[in-house]
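See structure below.
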Amino acid sequence: MLRKLISPTQAIPEVAAVPQHIAIIMDGNGRWAKKRLLPRVAGHAVGVKRVRDIVKACAAQGVAYLTLFAFSSENWRRPEAEVSRLMELFVEALEDEVDRLIQNGVRLNVVGDLTRFSPRIQELVTAAEVRTAGCNRLTLTIAANYGGRWDILNAVNRWRAANPEATVIDETSLTEYLSLGDIPEPDLFIRTGGEQRISNFMLWQLAYTELYFTDIYWPDFNAEALAAAIQSYQHRERRFGRTSEQTHA
Ligand code: IPE
Ligand code: IPE
Ligand code: MG
């Protein structure tokens, strides 16, 4: 753990020049493919390659935590063929990438309601998490069948099960039960693909995150585009409710 877990609504966190936690909505695969007259799933395949590049680029920049939205709880609404291709790509990535993650010192963590995935995917996820557990250069969290509302409700329900006598929950207790409760909240949120919305991503954790939107489609997002996002972040003033003067004091 690089810094103490501080909730920005409870205390003012220290802010480093390089965001310690970046959370990304990897959007625009379908439109990237369509522009090239390719099937949407071709965009997803190229998108997987960009994950590899961006993990490396984040590690090189000194980012400690990277969280990627790979599949939302609402993405099941897509055509069945697209959903099954996404599942295949997930399996392929879990089969092929783990050695590379270990070489690069990347610990993998998958969050979301995994019970809806095939037993094969669930086994591969557990195996990959176990094999990379000792890696400490960067923690890569993949959000799959994840939704911010699911995360909050799941946390409340798990807290209730663990504390049947208690009636009131506080912020610290809830945080402990959230999917990403053991890592600092994101400093920087990036959404590629031009849409300016959160789409049910980390609703709780984004409370004081700096938001960055780019029109670049995910399959075109590279180390240079990441550096531009970090540069934008470095020009922000994170006040956490204070005045500018207080922030600089
Ligand atoms: C993001 O790209 C990948 C997933 C949601 C799995 P999209 O598939 O949403 O691409 P667009 O938004 O249709 O271009
Ligand atoms: C958000 O993208 C989910 C992921 C990138 C995994 P969507 O493409 O599903 O979001 P909407 O539907 O445009 O809001
Ligand atoms: Mg999209």
Side-chain angles (χ1 to χ4, degrees), residues 21-55 57-58 65-97 108-118 121-122 124-125 128 140-154 178-180 186 188-206 209 211-222 225-226 229:
H21 183 178
I22 298 183
I24 307 181
I25 298 188
M26 310 182 288
D27 196 22
N29 293 351
R31 282 164 287 158
W32 180 91
K34 195 174 171 193
K35 211 174 88 182
R36 286 165 177 74
L37 308 177
L38 294 167
R40 290 178 54 82
V41 292
H44 297 318
V46 179
V48 175
K49 295 187 185 162
R50 290 298 89 79
V51 170
R52 201 182 290 153
D53 302 342
I54 293 305
V55 168
C58 280
Y65 304 93
L66 173 65
T67 301
L68 301 175
F69 204 5
F71 193 86
S72 77
S73 40
E74 290 72 53
N75 284 146
W76 298 104
R77 297 169 180 163
R78 294 193 176 195
E80 209 179 300
E82 181 172 343
V83 171
S84 25
R85 182 67 190 126
L86 284 166
M87 295 303 139
E88 277 171 17
L89 286 168
F90 196 20
V91 169
E92 285 167 22
L94 287 165
E95 284 173 346
D96 301 343
E97 300 295 328
L108 180 73
N109 179 27
V110 180
V111 298
D113 181 3
L114 299 187
T115 59
R116 195 151 166 202
F117 291 116
S118 68
I121 289 183
Q122 295 184 46
L124 284 168
V125 164
L140 169 65
T141 303
I142 300 290
N145 192 23
Y146 174 89
R149 292 190 178 180
W150 166 83
D151 195 9
I152 294 167
L153 291 172
N154 185 50
L178 289 169
S179 301
L180 290 115
L188 173 62
F189 160 99
I190 299 171
R191 183 175 185 141
T192 64
E195 308 298 351
Q196 302 196 356
R197 54 178 172 251
I198 304 289
S199 300
N200 198 16
F201 196 33
M202 309 172 74
L203 297 178
W204 178 274
Q205 298 88 344
L206 293 175
T209 303
L211 307 180
Y212 180 86
F213 298 93
T214 170
D215 289 338
I216 299 173
Y217 294 140
W218 177 251
D220 288 329
F221 194 77
N222 57 18
L226 175 77

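Counting starts at 1 for both ligands and their atoms, in listed order.
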* Do Arg40 and ligand 1 have an N or O pair less than 3.5 Å apart? -> yes

* Phe201 and ligand 2 - part of the residue with a heavy-atom distance under 4.0 Å -> neither

* To do: Could you name the option among Arg78, Arg77, Arg197 that has the heavy atom nearest to atom 13 (O) of ligand 2?
  => Arg197

* **Shortest protein heavy-atom distance from atom 6 (C) of ligand 1, along with the residue and atom involved** => Ala70 O, 3.4 Å

* To do: Verify whether one side chain among Trp32 and Asp220 offers a donor that lies under 3.5 Å from an acceptor in the other.
  => yes

* To do: Compute whether any side-chain donor of one residue and acceptor of the other, for Trp150 and Asn200, lie under 3.5 angstrom apart.
  => no

* So which protein heavy atom does atom 11 (P) of ligand 1 come closest to, and at what separation? -> Arg31 NE, 3.5 Å

* Asked: Excluding sequence neighbours, so at least two apart, what forms salt bridge (charged side-chain N to carboxylate O under 4.0 Å, His left out) with Arg116?
  -> none

* **Distance-only side-chain donor-acceptor flag, His21 / Gln205, under 3.5 Å** => no

* Donor-acceptor under 3.5 Å (Trp218 side chain, Gly28 main chain) -> no

* Is there at least one pair of N or O atoms, one from Asn75 and one from ligand 1, spaced under 3.5 Å apart? -> no

* Apply side chain to side chain contact (heavy atoms under 4.5 Å, CB included) to Val91 and Ile121, showing your working. => CA-CA 6 Å; Val91 169; Ile121 289 183; 3.5 Å; yes

* Interfacing atoms of ligand 2 (cut-off 4.0 Å, heavy-atom, Phe71) -> 6 (C)

* Asked: How far is atom 7 (P) of ligand 1 from its nearest protein heavy atom, and which residue and atom is that?
  -> Asp27 OD1, 3.5 Å

* Taking the six-membered ring for Trp, are the ring centroids of Phe90 and Phe71 within less than 6.0 Å of each other? -> no

* Which protein heavy atom lies closest to atom 10 (O) of ligand 1, and at what distance to 0.1 Å? -> Gly30 N, 2.9 Å

* Winner among Glu195, Met26, Glu74 once heavy atoms are compared against atom 5 (C) of ligand 2 -> Met26

* Asked: Which of the numbered atoms in ligand 2 are below 4.0 angstrom from a heavy atom of Ser199?
  -> 10 (O), 11 (P), 14 (O)

* Asked: How about Ser179 and Asp151: does a side-chain donor come under 3.5 Å of a side-chain acceptor?
  -> yes

* Non-hydrogen atoms of His44 versus ligand 1: any pair closer than 4.0 Å? -> yes

* Should you measure from each heavy atom of Ile25, which atoms of ligand 2 turn up under 4.0 Å away? -> 1 (C), 5 (C)

* Structure fact -> Atoms listed for the Mg ion (ligand 3) (protein only, N, O or S, under 2.8 Å, no waters) are Asp27 OD1

